[in-house]
Every structure is written in structure tokens, then in C-alpha cells.
S.K.: 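Dumping the structure here so I can ask a few things about it.
Lettering of chains follows the sequences in order, A, B, ..., and the numbering in each one begins at 1.
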Amino acid sequence: MRKSDDARRLLRTMNDIDDRFLTEAMMSGKQETGECCALPKCLDGAVPDKDGRGTGVLQDCRRETARPGSSGRRHRYAAVLLTSAACLTVLITGTRIIQVRTAPERQETGYTQETAVRGDAGDISGKDKALDFSAAGRAVADSEVPDSVSSGETVPDTALMASSSYQAAVSAEDGASPESGTDSGIIGNEGLKNTIRLIRKAWDRVLDILRLFLGEIKKTD
Amino acid sequence: MLWFSETGMLDDSMIIDLYWARSENAIAETRIKYGRLCRAVALRILRVAEDAEECEADTYMKAWNAMPPRRPDVLPAFLAKITRNLSLDRLEKEHAGKRGGSAVPLLLDELEQCIPDGRGGLEQVTDPDLKEVLDHFLESQAKTARIIFVRRYWFGDSVKEIAEEYGLGISRVKMSLLRSRNALKKMLEAEGIGI
């Protein structure tokens with residue numbers, strides 16, 4: 001005979017225990033009020049449905065729906081972790097969207113989605129301009145190069161990089177107009193720092209939530 | 001002449017007399033006084049209100065058939081035992097192999113810890129002997145531990161409910177149950193059961 005069958009038999013035989021033990025258990029607890037304490041609390045307001053789920057306060061009937069043993073605990077922990085992960089994702093995404101939309105640089109430059117769309121067309125023309133190696137194009141570029149360069153002197157690379165046409169070309173390569181250079185900053189290092197900061201904040205919140213959940217679980221256990 | 005208690009309900013002995021007199025009022029009075037108790041015991045096991053109500057009705061019928069010749073010493077205990085037996089029968093019949101929402105599978109999981117590890121299990125022992133061991137075990141327990149044990153494994157109360165009812169910590173109730181289970185296992189082993 002398996003242990004489960006033995007346990008079933010033990011539960012059955014327990015039915016025949018001496019009446020005084022039953023009376024003692026029935027009349028204990030709320031003896032002063034005369035109320036029979038064998039009546040479960042969750043029966044007053046929350047009658048479980050056919051599947052055994054409490055229809056009232058879930059906490060009162062949680063035991064009835066919980067899986068037995070450590071399996072039930074694992075399920076509850078897994079549920080808490082999954083919920084936390086979902087909250088974290090929503091939090092990060094939401095905060096990131098809000099942060100990007102309300103970035104002060106964008107407000108100052110009047111950046112909107114419309115200008116961004118218009119900027120695409122400008123970028124293409126800018127790129128074309130940067131790649132214009134025709135005589136006219138070269139003349140425009142040469143006019144912006146310091147005199148020392150045209151006279152054959154050695155010019156540090158930084159000077160060349162500082163020239164407006166070089167910046168324009170780089171900006172065009174990046175897909176953003178020189179005027180909206182701050183946008184590339186948001187997506188670049190500054191944006192990365194902001195994102196990391198947001199993730200840290202969000203993680204702190206998630207930890208707070210987890211602490212709350214774990215505290216609740218300890219209490220209910 | 002009927003005798004009423006302070007609560008306006010009939011005394012237990014009067015209700016039993018009604019059963020013996022084959023008066024139909026016996027069932028009505030039983031329902032008034034112990035209907036809620038029977039429903040609660042059944043609902044703990046079955047978790048379905050309709051099934052619990054049917055079990056309650058069956059309990060009155062069984063009590064009607066049992067008295068006479070029986071004259072129970074403690075009427076609520078007698079009725080609760082009938083209800084529990086009927087509910088367990090019904091649960092086994094309707095939910096065989098299913099866990100459902102009943103408290104019974106949880107109780108069985110816990111009671112398995114009381115079974116000695118030997119080959120025989122409880123096969124060698126008869127029901128009256130097992131009942132005697134259980135009575136002896138409950139007798140040997142301290143009052144609080146005994147009440148907690150009965151509330152958990154007879155009535156099917158949750159640990160939380162027991163803790164709230166008696167103003168104890170949940171961990172204390174769990175510890176008390178663990179010790180009681182271990183004590184029962186030792187007692188079964190000492191009786192040579194399952195070894």
C-alpha cells in the first residue's frame with residue numbers, strides 16, 4: 001500500500017476519534033462568545049466557486065487554491081518574478097518614451113516629429129552636397145579651408161575637422177542636419193547615460209516592489 | 001413539553017428525544033441548531049456549496065436512521081462525524097484523481113509524513129486499533145497542540161485560520177503541527193506499525 005493510501009486511511013480513521021477531542025476543538029477559541037469556532041471565516045462572505053477559487057477576498061481562501069508543498073511556493077515566487085519583470089519592462093519603456101519626448105534640447109530646437117520627417121529629405125540633399133566633388137563643390141569646400149592649407153602648410157587634423165563643411169558632411173553622414181545636432185547627442189552618450197540612470201531608478205523601484213511582495217508572502221506563509 | 005436553552009434552541013437531549021419519538025421536528029431543530037456546523041464541515045472538504053447542502057441533508061437522513069437505536073453522547077460531534085464521512089465519500093466518488101479546490105489533498109500530503117517508512121505501512125493494523133492509537137496520541141499531546149491538530153486534520157482549517165482563531169503566530173502553528181506529526185509517527189512506530 002502506498003503512503004498516500006495510508007494517509008487517506010489515517011484521515012478516514014481520524015473520523016472516529018473520541019468525542020471529547022472534537023468537542024474541545026469545537027468549543028475552543030471563541031468560547032466566550034458562544035460561537036462555534038469550527039465554522040470557517042471565508043464561508044460567511046466568500047463561497048468558493050466550483051473550481052475551488054474564493055469569490056470573496058482571495059487572501060482568505062488562498063490556501064484552497066494553492067498547490068501543495070514547495071511546488072506552490074515556487075509557483076508564487078515565479079508569479080512575483082514574472083510580474084516584476086513585466087512591470088520593469090513597462091516602466092523602462094514608458095519612462096524612456098516620456099524622457100525622449102520631453103527632452104529640453106528638443107523643445108529648444110523646436111524639434112517635432114514633423115521636422116524630423118522633413119529633416120530626412122534635407123539629409124539626403126545634405127549628403128549629396130557633401131559628396132559633391134565637382135569643381136563647384138570643391139571651390140566651396142576650399143573657400144572654408146584656412147589659408148595655411150591652401151598655401152601648402154601642414155594643418156592639424158583638428159583644424160580640418162572644425163571646418164563647417166566637414167561638420168556638415170559628418171552630420172549628413174549621420175543622417176541629421178547640422179542644426180539638429182543635439183538630436184544625435186540624445187541618442188549618443190547623453191542618451192546612454194540617461195537610459196542607465198533610468199534603468200537604475202526603475203531597478204530600485206522593482207526592488208522595492210519585490211520587498212513588498214516577499215514581505216506579503218512571508219506574512220501569508 | 002419542549003425545553004429550550006438560553007439561545008432559544010432546543011437542548012441536545014431534547015432533540016435526541018425527538019428523534020427517538022420519531023418526530024419530524026427533530027430534523028428541523030437539528031437544522032436550526034447544527035445546520036451551519038454540518039454545512040461548514042462539508043464545505044471544507046467539498047468546496048462546492050450545492051454538494052455541501054446535499055451532504056447536510058444526507059446527514060439528517062443518516063441521523064434519523066441511526067436514532068434509535070443510538071443515543072449519542074455529544075450530538076454535534078455525532079452529526080459532524082456523519083457529515084465528514086459523507087463528504088469524504090462524495091469527494092472520493094466525484095473527484096477521484098483530481099485535486100480540485102478541496103483542502104483534503106493538502107491534508108493528505110501532510111499526513112503522509114506521519115506514516116512510518118517500513119514496508120507494511122498501515123496495512124497490518126485494523127481500524128479499531130488505529131483509532132485507539134490516535135486517541136492515545138491525542139491524549140498524550142498538550143491541550144493547545146491537540147486542538148491545533150484536530151482543527152487542522154479533522155476540520156480542515158488552514159494554518160492561517162487556526163493562528164487567527166487562537167491568537168498564535170503562523171510559524172508557531174506550523175511548528176506545533178510538525179511536532180505533532182512527528183510524535184504520531186513515533187507512536188505508530190512504537191506500536192510496531194509499518195515496521
S.K.: What's the separation between atom CG in B:Asp129 and atom OG1 in A:Thr13, rounded to the nearest 0.5 Å?
M.R.: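 That separation rounds to 10.5 Å.
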S.K.: Between atom CG of A:Asn15 and atom NZ of B:Lys131, what is the distance when rounded to the nearest 0.5 Å?
M.R.: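 Rounded to the nearest 0.5 Å, the CG-NZ separation comes to 11.0 Å.
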S.K.: For A:Ile209, check side chain to side chain contact (heavy atoms under 4.5 Å, CB included) against everything at least two apart and list the hits.
M.R.: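 With neighbours one apart ignored, the set is A:Phe213.
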S.K.: If you take all heavy atoms of A:Ile17 and B:Asp135, which pair is closest and at what distance?
M.R.: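 Shortest heavy-atom separation between A:Ile17 and B:Asp135 comes out as CA-OD1, 3.5 Å.
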S.K.: Can you name the residues of residues 62-77 of chain B that have some heavy atom under 4.5 Å away from a heavy atom in chain A?
M.R.: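 Listed by number: B:Val74, B:Pro76, B:Ala77.
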S.K.: A:Ala25 and B:Tyr166: which non-hydrogen atoms are nearest, and at how many Å?
M.R.: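 Taking every non-hydrogen atom into account, O-OH, 3.6 Å.
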S.K.: Does A:Leu11 reach the side chain of B:Leu88, with side-chain heavy atoms less than 4.5 Å apart?
M.R.: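 Yes, close enough: below the 4.5 Å cut-off.
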S.K.: Can you tell me if CH2 on A:Trp203 sees more than 12 non-hydrogen neighbours from other groups inside 6.0 Å?
M.R.: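 Not buried by this count: 12 neighbours or fewer within 6.0 Å.
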S.K.: To the nearest 0.5 Å, how far apart are CG in B:Leu107 and CZ in A:Arg8?
M.R.: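 If I round to the nearest 0.5 Å, the distance is 11.0 Å.
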S.K.: Taking the side chain as C-beta and beyond, is there a heavy-atom pair between B:Asn85 and A:Arg12 under 4.5 Å?
M.R.: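 Yes, side chains in contact.
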S.K.: To the nearest 0.5 Å, what is the distance between CG on A:Leu10 and CD on B:Glu112?
M.R.: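 Between atom CG of A:Leu10 and atom CD of B:Glu112 there are 11.0 Å.
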S.K.: Show the nearest heavy-atom pair for residues B:Leu138 and A:Phe21, with the distance to one decimal.
M.R.: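 Where B:Leu138 meets A:Phe21 most closely, the heavy atoms are CD1-CD1, 3.6 Å.
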S.K.: Measure distances from B:Glu139 to the heavy atoms of chain A and classify the residue's part below 4.5 Å as side chain, backbone, both or neither.
M.R.: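 Both parts, backbone and side chain.
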S.K.: Under 4.5 Å between any side-chain heavy atoms of B:Phe78 and A:Asp19, yes or no?
M.R.: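 SC-SC contact between B:Phe78 and A:Asp19 ruled out.
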S.K.: So what's closer than 4.5 Å to chain A heavy atoms on B:Ile148: side chain, backbone, both or neither?
M.R.: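 Looking at B:Ile148, nothing touches chain A.
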S.K.: Is there a side-chain contact between A:Met26 and B:Leu37 in this structure, where contact means two heavy atoms from C-beta onward sitting under 4.5 Å apart?
M.R.: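 Answer yes - side chains close enough.
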S.K.: As an exercise, state the distance from CG of B:Leu184 to CE of A:Met14, rounded to the nearest 0.5 Å.
M.R.: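 CE of A:Met14 is found 7.0 Å from CG of B:Leu184.
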S.K.: Heavy-atom count check: over 12 atoms from other residues, nucleotides or ligands less than 6.0 Å from A:Arg200 CZ?
M.R.: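 For A:Arg200, atom CZ is not crowded (no more than 12 foreign heavy atoms under 6.0 Å).
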